[in-house]
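Take a look at the structure below.
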Amino acid sequence: MALLVRSLARSSCILKQTSMLIPRRSTMATNAYEEMGKYWSRNRKLNRPLSPFLTVYKPHLAMMTSLTHRVTGVVMQVVICGTSILLLCLPGDYKTNLEYIRNLSLGPVIIYALKYIFAFPVTYHFLNGLRHLAWDAGYGFGLKTLYKSAYFVMALTAVVSTYFVFGIKPSVL
């Protein structure tokens, strides 16, 4: 008798467990789907854009400097990681690879252009990071101050990057 009760209890538990695994059709999903359809049909009738980005957010200096700050940070991270992986995969040691680059006999225009491409993001990200730190401290939120600091960072970036490219003579290259 105990075996019969146990087997019936187990079979009913298995049925309950499997019925919980089977998804039930909910009326909420169809109602939400219908509501979304109504929302988008109303927006189409009113000729509203799908994304307000181009109509609401006109590019301005603060937006562009912040975007450039983020892009330079991401680019530097990708370049650093990529260079590290590349150096790990290359055969030979550092001196051998550096000698190989020297033997390429690249012209001065290419060398200076590459130096500027490497110097600009580092310089801009550092100087604009100082500007962001000033914002974190609560300074520089006025519209005039915001624009002055942005132009100052851009001018100082050009000057410092140019100094890094032409002013410092490394002994390696």
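Counting begins at 1 with the first residue of the sequence.
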Quiz item: If only atom types and distance count, is the side chain of S149 paired as donor or acceptor with the main-chain N or O of L146 below 3.5 Å?
Solution: yes
Self-check item: Main-chain N/O of G92 paired with T96 side-chain donor or acceptor, under 3.5 Å
Solution: no
Quiz item: With sequence neighbours excluded, what pairs up with K38 under the salt bridge (charged side-chain N to carboxylate O under 4.0 Å, His left out) test?
Solution: E35
In terms of hydrophobic clusters joined by side-chain contacts under 4.5 Å, are [X] and [Y] together?
X    : Y    : result
F141 : Y147 : yes
V71  : V79  : yes
V160 : L130 : yes
V122 : L127 : no

Self-check item: Pairs involving residues 77-99, ordered by first then second residue, that meet salt bridge (charged side-chain N to carboxylate O under 4.0 Å, His left out) (sequence neighbours left out)
Solution: E99-R102
How long is the gap from [atom1] on [X] to [atom2] on [Y], to the nearest 0.5 Å?
X    : Y    : atom1 : atom2 : value
S41  : M36  : OG    : CE    : 11.0 Å
I117 : I110 : CD1   : CD1   : 10.5 Å
L86  : N97  : CG    : CG    : 8.5 Å

Solution key, residues 60-69 side-chain donor-acceptor pairs under 3.5 Å, sequence neighbours excluded:
from, atom 1, to, atom 2, distance (Å)
H60, ND1, M63, N, 3.3
T65, OG1, L61, O, 3.1
T65, OG1, A62, O, 3.0
T65, OG1, R131, NH1, 3.2
T68, OG1, M64, O, 2.6
H69, ND1, N128, ND2, 3.4

I need the minimum non-hydrogen distance between [X] and [Y], along with the two atoms involved.
X    : Y    : result
V165 : A119 : CG2-CB, 4.2 Å
L106 : I111 : O-CD1, 3.6 Å
T145 : G140 : CG2-CA, 3.5 Å

Quiz prompt | Residue from F152, F126, F120 passing side chain to side chain contact (heavy atoms under 4.5 Å, CB included) with T157 | solution = F120
Practice problem: Check whether any side-chain heavy atom of N103 sits under 4.5 Å from a side-chain heavy atom of Y100, and report yes or no. | Solution: no
Quiz item: Any side-chain heavy atom of D136 within less than 4.5 Å of one from L133?
Solution: yes
Self-check item: Atom CZ of F118 with >12 non-hydrogen neighbours under 6.0 angstrom
Solution: no
